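Worksheet: the structure to be examined is printed underneath.
Quantities reported herein were computed from a predicted structural model and do not represent experimental measurements.
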Amino acid sequence: MEIKSVGVVGAGQMGNGIAHVMALAGFDVMLNDVSGDALEKARAIIEKNLDRQVSREKISAEERDSALARIRTTMELPDLGQTDLVIEAATEREEVKHKIFEGIVPHLKENTILTSNTSSISITRLASRTDRPEKFLGFHFMNPVPVMSLVELIRGIATDQETYEACLAVVEKLGKTAASAEDFPAFIVNRILVPMINEACYTLLEGVGNVRSIDQAMKLGANHPMGPLELADFIGLDTCLAIMNVLHEGLGDTKYRPCPLLSKYVEAGWLGRKTKRGFYDYRGDEPVPTR
């Protein structure tokens, strides 16, 4: 099937990024969130990021205006029912995702493809809570969506070939690259990346190095563009913890045990950039390490 319209559930960092690239690629987008303020903020962020692309001559002013005109917003989940493809981009909590799918399924067209941007949760398990497991796929964008070129496509046990190929065609139209991943906890990128972040947390907890030295060591010693603790703040410490819990529970290996220090930061509400404090304090002019 040819996909022309896309519904995005969740107007946060990932959702607004997905809406941005979809609209820019020519898809009609319906962006949904339970919060009207979140929708207003998302639209402002999309406009700001498109303006940045215009100023850098990545796109034209006409392309920006056309993309903005293709994005509509709604607080009513059923409004997404007539789109060809729905991408759930809500928080990384399985019970929240189940509630979303249960709420939208009765309103979907027969051929609508239902997907999740989950970074770690079983696609097979999510699909089983819908009426269309054969038309359900993991559609995992990287953050920040307008910048990162990779999309992981994860098939559940029931996902059919037509659904996979339709979503692959969307990725190609976006000008991005698809990596096909099997339905195992955290898939490819986060199976490798987040345990590295977790190990950096243990390195900090054990006093092997402080925040700045750990990040500098990995940037200068391994040529990483961001240090692991800086990256954790960018991703969100709550998301990192959620992924480690999925890995630990799903694979049953103690090497995936979440670092207690990571859990402590999340309990304190220090989730990284989005709360202005994490491994760094972002409330001043320059980020300052908190340990």
Side-chain angles (χ1 to χ4, degrees), residues 1 3-23 27-43 45-46 70-141 143 145 151-160 163-164 166-167 170 183 187 236 238-239 242-243 245-246 274:
M1 63 175 292
I3 293 171
K4 296 180 179 179
S5 57
V6 179
V8 181
V9 183
Q13 191 173 37
M14 295 304 296
N16 74 61
I18 294 168
H20 173 149
V21 299
M22 288 290 181
F27 296 99
D28 293 324
V29 177
M30 179 71 76
L31 180 60
N32 163 265
D33 200 280
V34 295
S35 166
D37 289 342
L39 289 170
E40 289 182 15
K41 181 179 178 181
R43 191 165 186 91
I45 290 171
I46 292 169
R70 292 188 192 102
I71 300 173
R72 292 181 294 160
T73 61
T74 179
M75 293 174 61
E76 302 299 325
L77 194 58
D79 289 347
L80 275 62
Q82 295 306 302
T83 57
D84 302 322
L85 168 68
V86 172
I87 304 173
E88 172 273 314
T91 185
E92 193 69 354
R93 289 166 51 198
E94 189 165 350
E95 65 273 17
V96 172
K97 297 180 186 297
H98 286 318
K99 186 175 180 180
I100 289 168
F101 296 137
E102 289 167 0
I104 198 171
V105 159
H107 307 282
L108 296 178
K109 297 187 299 182
E110 182 180 352
N111 292 325
T112 296
I113 293 173
L114 191 55
T115 70
S116 176
N117 184 59
T118 179
S119 54
S120 61
I121 299 168
S122 167
I123 299 303
T124 297
R125 196 163 63 242
L126 290 176
S128 71
R129 299 291 288 269
T130 75
D131 66 344
R132 59 196 66 211
E134 72 286 349
K135 293 190 177 299
F136 195 102
L137 188 82
F139 209 150
H140 181 213
F141 288 83
N143 185 32
V145 179
V151 180
E152 285 182 315
L153 295 181
I154 308 101
R155 292 187 239 207
I157 195 170
T159 308
D160 63 27
T163 296
Y164 176 82
C167 290
V170 171
D183 188 18
F187 320 127
D238 52 339
T239 300
I243 293 169
N245 281 327
V246 167
K274 59 188 174 184

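Counting all heavy atoms, side chain and backbone alike, A38 lies closest to A11 at O-CB, 3.9 Å. Nearest heavy-atom pair across R125 and H98 is O-CE1, 4.0 Å. Across all non-hydrogen atoms, the minimal contact from G156 to D183 is CA-OD2, 4.2 Å. Residues G15 and V8 approach most closely at O-CG1, 3.7 Å, considering heavy atoms. Between E92 and A242, the closest heavy-atom pair is O-CB, 3.9 Å. Here the closest heavy-atom approach between residue S119 and residue T239 is recorded as OG-CG2, 4.4 Å.
Side chains of I45 and K41 form a contact here, defined as non-hydrogen atoms less than 4.5 Å apart. In this structure, E76 and N32 have side chains that are not in contact, with every pair of non-hydrogen atoms separated by 4.5 Å or more. Within the 4.5 Å cutoff, the side chain of M22 has heavy atoms near those of the I87 side chain. Contact annotation: the side chain of N117 never approaches that of F139 to less than 4.5 Å [non-hydrogen atoms, C-beta and beyond]. At a threshold of 4.5 Å between non-hydrogen side-chain atoms, the residues T124 and R155 do not count as touching. Here the side chains of V86 and V9 are in contact, with some heavy-atom distance below 4.5 Å. Residues M30 and S5 have side chains not in contact (no heavy-atom distance under 4.5 Å, counting atoms from C-beta outward). Contact annotation: the side chain of F187 approaches that of T118 to within less than 4.5 Å [non-hydrogen atoms, C-beta and beyond].
Looking only at distances, no side-chain donor or acceptor of D79 sits under 3.5 Å from a matching main-chain atom of T74.
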Show your reasoning for whether side-chain hydrogen bond (donor to acceptor under 3.5 Å, both in side chains) applies to T115 and E88.
CA-CA 6 Å; T115 70; E88 172 273 314; over 6 Å; no

Go through the steps for I154 and L137 under the test side chain to side chain contact (heavy atoms under 4.5 Å, CB included), then give the verdict.
CA-CA 6 Å; I154 308 101; L137 188 82; 6.0 Å; no

Throw together a table of side-chain donor-acceptor distances under 3.5 angstrom for residues 102-111, partners on residues two or more places apart or in other chains.
| from | atom 1 | to | atom 2 | distance (Å) |
| --- | --- | --- | --- | --- |
| E102 | OE2 | R129 | NH2 | 2.8 |
| K109 | NZ | Q82 | O | 3.4 |
| K109 | NZ | D84 | OD1 | 2.6 |

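A distance of 12.0 Å separates CE in M75 from CG in L31, rounded to the nearest 0.5 Å. In this structure, the separation between CG on L126 and CG on L114 is 9.5 Å, given to the nearest 0.5 Å. Distance NE2/H140 to CD1/I121: 11.0 Å, rounded to 0.5 Å. Atom OG in S128 sits 12.0 Å away from atom CG in D131 (nearest 0.5 Å). Of the inter-residue distances, the one linking I3 atom CD1 with D28 atom CG reads 13.0 Å to the nearest 0.5 angstrom. For the atom pair F27 CZ and L85 CG, the distance stands at 8.0 Å (nearest 0.5 Å).
For K274, the NZ atom counts as densely surrounded, since its 6.0 Å shell holds more than 12 non-hydrogen atoms of other residues, nucleotides or ligands.
T159 and E134 form no side-chain donor-acceptor contact under 3.5 Å, judged by distance and modelled atom types alone.
Taking R72 as the reference, nothing meets the salt bridge (charged side-chain N to carboxylate O under 4.0 Å, His left out) condition, with sequence neighbours excluded.
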